[in-house]
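The figures that follow rest on heavy atoms only: side chains count, while hydrogens, waters and symmetry mates do not.
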Amino acid sequence: IVIRHHNCTDEEYIAIDDMLVSGTSVTNIQTAVNSGTPDQFDLPGAGTIYSSDPSTGDLMADVTNNNSFDYECVDVSVSRSGTGAQAYNGSSLPNHVMDKTFDITPSNTTGAGSTTVTFYFEEAEVAGWESATGLSRTSLVVGRGNATTIDETSTLTIAAFGSHVTLTGNFTGLDGTYYFGPVGAFVTCAGVTKTWNGSMWSPAGAPDATNPVVIAGNYDTVSNGNLEACTLLVNTGFTLTVGAASYAQIQGNIIVDGNLIIAHQGSVVQVDDDATVLNNGTINVGITTPNLASRDFMVLGSPMSGDTRNGVWNSAFLVLNHTTANFVPNPAVAAAFPAAENFADDNYDNWNPFSGTINTGEGYIVRPQSGYGQPGGIFNYTYSGGTLNNGVVNFPMIYNGTKNSSPNIVANPYASAIWADDFINANSMVDEVYFWEHNTPPSPSLPGAGSMNFSMEDISMYNLVGGVAAASGGSTPNGY
């Protein structure tokens, strides 16, 4: 910006390099269908494109390419409009999608890309869907596909844009029509939706694996029966409790807008490995230890995606994780117990204090007592961070040249029991699993690298032939 200055004898110019100019403009959201005149832009690699209607400038979507894939020319348009809800491929209420949809059509496509797309909505478009379905916008996910097939779904980040709303999702592909609705809208369930009101099912009769289920009243699997469903929605203000020795088996996706409480030895199973659990409310998974002696420990992991050492095991005085690469079998232990598996290290540098986020599938030594020599007892932990784990969990196994020198410490990453036969059959590197039985108190008279050492005869084993009890006694593992 240049300001002209006049004096008596000449004309000069003064340049000012620091000046703030501000203004207010009204930004509108594209609500009308404009498929015939889409916005077009080039997306040759990483970066963000801001898409708006070519004639009005009304906002539609921001498209971010997170890698170097060249999508070439990309069309973006609003392909359907409205402020209500409608079925997707025959879905029934409340599993209806929003009226408004978007089409994104790149010239070049991939199913292994990485994109983030922010979609713009007027408040009335979102609120109208909520009114029509009775659901909260927090249960919205986005499905990318066409009128009969969904290629992928994504959870959504909801934000305000002035008085408007943005919904942001992440995708591996880009081409397709984008539909917005609950996960139940995108799962093919042959049965009708069944709703629990706190005392009975509507329509009458317990649901099975074909029925989408809505929990609109408190439900307890111990008193009301095990729960089977195609999809599951727990409404705001209500609690689904999965008690000990009972289960909820869901074929597809789970949305928790209310509360899901899974007691110790209760099980929640999702049959579809690709199914998701959207946690908009509270999920608690309880674990109760056996009656531990003063120096006993547990090997524990987490069934949730976002738990931390201090968030769950804050009262435990010591939590250790294992570095298999540092493990060398202790020769004194091998000599003392030649017939036992040797999980004792030569210098104890394989176990180290742990802090931070619990890694999915990893097992940790947890000492729940308040210190060495302090009283033991029964300890209760509640996992609540993130959401439930589901599907295939990839855990990096370390091999040090021989099986005996390569102990990898793993833990059940699910809120359900695992049958050891399935675990062994699914993992070619695993021949058997071992369990610590807490039979013998640690003693300085036992060989090992520590001042107090455990007996290797306290370890039981299970393989595809069956279980073998620990040499020191105790129960025989049965695969669970």
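With rounding to the nearest 0.5 Å, the separation of CG in Asp257 from CD1 in Ile215 is 12.5 Å. Annotation: the span from Ile262 atom CD1 to Tyr383 atom OH amounts to 12.5 Å, rounded to 0.5 Å. Taking CD1 of Ile283 as the start and CG of Asn259 as the end, the distance is 9.5 Å to the nearest 0.5 Å. Distance OG1/Thr231 to CD1/Ile254: 9.5 Å, rounded to 0.5 Å. Atom CD1 of Ile424 and atom CG of Asp431 lie 8.0 Å apart (nearest 0.5 Å). The structure places CG of Asp58 at 8.5 Å from CD of Glu122, a figure rounded to the nearest 0.5 Å.
Donor-acceptor pairing under 3.5 Å is lacking for the side chains of Ser305 and Asn389. With 3.5 Å as the limit, one finds no donor-acceptor pair spanning the side chains of Asn310 and Ser355. Using modelled atom types and a 3.5 Å distance limit, the side chains of Thr382 and Asn284 yield no donor-acceptor pair. For the residue pair Glu152/Thr172, the side-chain donor-acceptor check at 3.5 Å is satisfied. Using a 3.5 Å distance cut-off with no hydrogens or angles, the side chains of Asp53 and Thr56 do pair a donor with an acceptor. There is no side-chain donor-acceptor pair under 3.5 Å between Gln270 and Tyr414. Between Thr387 and Asn279, the side chains place no donor N or O within less than 3.5 Å of an acceptor N or O (distance only, hydrogens not considered). Thr116 and Thr64 share no donor-acceptor pair across their side chains, judged by distance under 3.5 Å alone. Judged by distance alone, the side chains of Asn197 and Ser199 do bring a donor and an acceptor atom under 3.5 Å apart.
Annotation: Tyr50, atom OH; neighbour count of heavy atoms from other residues, nucleotides and ligands within 6.0 Å does not exceed 12. Enclosure of atom CE in Met200 is not indicated, since only 12 or fewer non-hydrogen atoms of other residues, nucleotides or ligands lie within 6.0 angstrom.
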**Message:** Pair Asp175, Arg144 - check salt bridge (Lys or Arg N to Asp or Glu O under 4.0 Å), show working.
**Reply:** CA-CA 8 Å; Asp175 60 307; Arg144 180 183 67 86; 3.5 Å; yes
**Request:** Could you go through the side-chain contact (heavy atoms from CB on, under 4.5 Å) check for Tyr381 and Ser315 one step at a time?
**Result:** CA-CA 9 Å; Tyr381 293 116; Ser315 61; 3.9 Å; yes
**Request:** List the steps, then state whether side chain to side chain donor-acceptor pair (under 3.5 Å) holds for Asp62 with Thr118.
**Result:** CA-CA 5 Å; Asp62 304 337; Thr118 296; 4.9 Å; no
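Asn326 places a side-chain N or O within donor-acceptor distance of the main-chain N or O of Asp349, the cut-off being under 3.5 Å. Between the side chain of Thr324 and the main chain of Pro407, a donor-acceptor pair closer than 3.5 Å is present. Side-chain atoms of Asn146 come within 3.5 Å of backbone N or O of Thr149 as a donor-acceptor pair. Of the possible polar contacts, none joining the Thr276 side chain to the Leu278 backbone as a donor-acceptor pair under 3.5 Å is found. Between the Asn280 side chain and the Thr138 main chain, a donor and an acceptor come within less than 3.5 Å of each other. For the pair Gln265 (side chain) and Ala245 (backbone), a donor-acceptor distance under 3.5 Å is absent. For Thr153 (side chain) and Val142 (main-chain N/O), no donor-acceptor pair under 3.5 Å exists by modelled atom type. Panel note: side chain Thr241, backbone Gly243; no donor-acceptor pair is recorded below 3.5 Å. Between the side chain of Asn211 and the backbone N or O of Val213 there is no donor-acceptor pair closer than 3.5 Å. Judged by distance alone, with hydrogens and angles left aside, the side-chain atoms of Tyr364 form a donor-acceptor pair with the main-chain N or O of Asn359 at under 3.5 Å.
A cation-pi contact links Lys100 to Phe121, judged by a cut-off of 6.0 Å to the six-membered ring centre and 45° from its axis.
The closest side-chain heavy-atom distance from Asp272 to Gln251 is not below 4.5 Å. For the pair Glu228/Pro207, no side-chain contact is recorded, criterion being any heavy-atom separation below 4.5 Å from C-beta on. Contact check for His264 versus Asn380: no side-chain heavy atoms found under the 4.5 Å cut-off. Side-chain contact between Gln86 and Asp99 is present, with at least one heavy-atom pair separated by less than 4.5 Å. For the pair Glu362/Val410, no side-chain contact is recorded, criterion being any heavy-atom separation below 4.5 Å from C-beta on.
The side chain to side chain donor-acceptor pair (under 3.5 Å) search around Tyr434 returns Glu341, Glu432, not counting sequence neighbours.
A pairwise comparison of heavy atoms in Ser79 and Ser35 identifies CA-OG, 3.4 Å as the closest pair. Shown here for Ser77 and Pro38, the closest heavy-atom pair between the two residues is CB-CB, 3.9 Å. The minimum heavy-atom distance between Cys230 and Ile250, with the atom names listed, is O-CG2, 3.6 Å. Nearest heavy-atom pair, Ser416 versus Ser267, reported as atom, atom and distance to 0.1 Å: CA-OG, 3.4 Å. Counting all heavy atoms, side chain and backbone alike, Leu260 lies closest to Leu388 at CD2-CD1, 4.0 Å. Across all their heavy atoms, Leu43 and Val63 have their closest contact at CD2-CG1, 4.0 Å.
Checked against the 6.0 Å centroid criterion, the rings of Phe238 and Trp196 do not qualify as a close aromatic pair. If you look at Phe435 and Tyr462, their ring centroids are not closer than 6.0 Å. If you look at Phe69 and Tyr71, their ring centroids are closer than 6.0 Å. Two rings, from Trp201 and Tyr219, have their centers less than 6.0 Å apart.
Across Leu232, Leu233, Ile261, a single residue satisfies side-chain contact (heavy atoms from CB on, under 4.5 Å) together with Leu240, and that is Leu232. Shown are Phe186, Phe171, Tyr88; of these, the ring pair (Phe, Tyr, Trp, His ring centres under 6.0 Å) with Tyr178 is made only by Phe171.
Phe327 and His322 have tilted rings, their planes meeting at an angle from 30° to 60° on a 0 to 90° scale. Ring geometry, Phe180 versus Phe102: the interplanar angle exceeds 60°, so the pair is classed perpendicular (tilted spans 30 to 60°).
At a threshold of 4.0 Å, the pair Asp296-Arg367 does not count as salt-bridged, since none of the basic side-chain nitrogens sits closer than that to a carboxylate oxygen.
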